[in-house]
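This chain uses plain numbering: 1 for the first residue, then up along the sequence. When reading the values below, keep in mind they use all heavy atoms of this one structure, side chains included, and skip hydrogens, waters and symmetry mates.
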Amino acid sequence: MLGHRGTGARLLRLFVPFLFALTLAQAQRLGVIGDWGADTRGRAQVAALLRKEHAQSPLTALLTTGDNFYPRGRVVEAYLQDLPPVPLYPAFGNHDAPNLEAQLRRFGLERPHYRVRFGSLEVFVLYTEGDLRTQRAWLEEALQSSTAPLKALLLHRPLYSSGLHGGSPALRSLLEPLLRRHGVALVLAGHDHHYERLEVQGLLHVVTGGGGAGLYRTRPPLPWSRALAVAHHALFLEVGREGLLGYALDPQGKLLDRFLIPIRP
């Protein structure tokens, strides 16, 4: 975990000399939150962080890793109004399942698995509480047809995590071969209420479940863990022509982690 403070703009000044000097100026900037839709001080603080960051450097969209509304998925408009006024693309979690249909209507989605593209990055969203074998067939076809240089998977339950829930062996068995075969670079998940970046055989996994719900301790870090923080936070992704810059900030703007994913030739 890093101890620097700063906004996304300050982080760009740190990284531009290394790799993205010509491309990040035109990047699409995304915010990512997970396990966020609770009536807590943490949720309000993360929402304020997102609004501040959006005012300083506009966000193209927000993504969520699920558990959008506690405890049973009923949409709370006040929580949505707290966020920056940009499109929101959610994954759905176990707390969303009881009112999944209402959430699909609210977010204008026909089904809980879909794809969305931001410049050189295409995001593929799965619903971990549903029929995963059917979704796997959809995902394989979608990945095969994708022309995006960067591909990311967005879902609620993580494949790997040092949290109390931990990673899902079933998801690993079902999805890992497919993700590797099609060059997926990043897996974004929630479910465990902390921040963690793990690297498993070259594939980056980020657990971002600190969007507002109560935090809880983790287990000892897994061998693949590269950064871990029990803190409310938001993740930011800068998508440029040369690659992707990611960084996590706590509500005070403290930098929890940062990473780069270059586009492979």
Report yes if some heavy atom in the side chain of [X] is under 4.5 Å from a heavy atom in the side chain of [Y]; otherwise report no.
X	Y	answer
Phe69	Leu80	yes
Pro85	His54	yes
Leu139	Leu175	yes
Asp96	Asp67	yes
Ser146	Arg115	yes
Trp138	Leu126	yes
Glu110	Leu104	no
Leu121	Leu30	yes

Worksheet item: Which word best sums up how the rings of His191 and His156 line up, parallel for under 30°, tilted for 30 to 60°, or perpendicular for over 60°?
Response: perpendicular
How close do [X] and [Y] get, heavy atom to heavy atom, and via which atoms?
X	Y	answer
Thr40	Gly212	OG1-O, 2.5 Å
Ile261	Ala185	CG2-CB, 3.8 Å
Gly163	Asp192	CA-OD2, 3.3 Å
Ala213	Ala38	CA-CB, 4.2 Å
Ile263	Gly240	CD1-O, 4.1 Å
Glu238	Ala27	OE1-CB, 3.8 Å

Tell me whether the count of non-hydrogen atoms from other residues, nucleotides or ligands lying under 6.0 Å of [atom1] in [X] goes above 12.
X	atom1	answer
Arg180	CZ	yes
Arg111	CZ	yes
Gln144	CD	yes

If hydrophobic clusters are built by linking Ile, Leu, Val, Met, Phe, Trp and Tyr wherever their side-chain heavy atoms come under 4.5 Å apart, do [X] and [Y] end up in the same one?
X	Y	value
Leu174	Leu186	no
Trp224	Leu256	no
Leu62	Leu244	yes
Val207	Leu237	no
Leu159	Val125	no

Item to complete: Walk me through it: do His233 and Lys254 pass the test side-chain contact (heavy atoms from CB on, under 4.5 Å)?
Response: CA-CA 9 Å; His233 66 276; Lys254 180 180 178 181; over 6 Å; no
Nearest 0.5 Å, what's the [atom1]-[atom2] distance between [X] and [Y]?
X	Y	atom1	atom2	answer
Ile33	Leu50	CD1	CG	5.5 Å
Asp257	Leu228	CG	CG	10.0 Å
Phe92	Thr64	CZ	OG1	7.0 Å
Leu49	Asp250	CG	CG	8.0 Å
Leu59	Arg51	CG	CZ	12.5 Å
Arg117	Leu150	CZ	CG	9.5 Å

Worksheet item: Mind checking whether His193 and Tyr216 have ring centres under 6.0 Å apart?
Response: yes
Worksheet item: Does a side-chain N-to-carboxylate-O contact under 4.0 Å join Arg105 and Glu101?
Response: no
Worksheet item: So among Phe118, Phe107, Phe124, which one has a ring pair (Phe, Tyr, Trp, His ring centres under 6.0 Å) with Tyr89?
Response: Phe118
Discussion item. Just to verify, which of Val239, Val116, Leu188, Val32 counts as forming a side-chain contact (heavy atoms from CB on, under 4.5 Å) with Val123?
Written reply: Val116
Is it the case that the side chain of [X] and the backbone of [Y] share a donor-acceptor pair, with hydrogens and angles ignored and the cut-off at 3.5 Å?
X	Y	result
Glu196	Ser225	no
Arg29	Glu53	yes
Ser120	Arg241	no
Thr208	Gly34	no
Asn99	Ala102	no

Discussion item. Before you tell me yes or no, could you show the steps for Arg106 and Glu77 under side-chain contact (heavy atoms from CB on, under 4.5 Å), namely the whole-Å CA-CA distance, both residues' side-chain angles and the distance that decides it to 0.1 Å?
Written reply: CA-CA 10 Å; Arg106 174 60 181 82; Glu77 286 294 331; 2.6 Å; yes
Discussion item. Before you tell me yes or no, could you show the steps for Asn68 and Trp36 under side chain to side chain donor-acceptor pair (under 3.5 Å), namely the whole-Å CA-CA distance, both residues' side-chain angles and the distance that decides it to 0.1 Å?
Written reply: CA-CA 6 Å; Asn68 304 308; Trp36 62 281; 3.0 Å; yes
Worksheet entry | Intermediate values then yes/no, side-chain contact (heavy atoms from CB on, under 4.5 Å), Leu155 and Thr65 | CA-CA 6 Å; Leu155 73 176; Thr65 60; over 6 Å; no
Item to complete: Evaluate the criterion side-chain contact (heavy atoms from CB on, under 4.5 Å) for residue pair Arg217 and Val230; output intermediate values, then yes/no.
Response: CA-CA 7 Å; Arg217 63 184 178 86; Val230 179; 5.8 Å; no
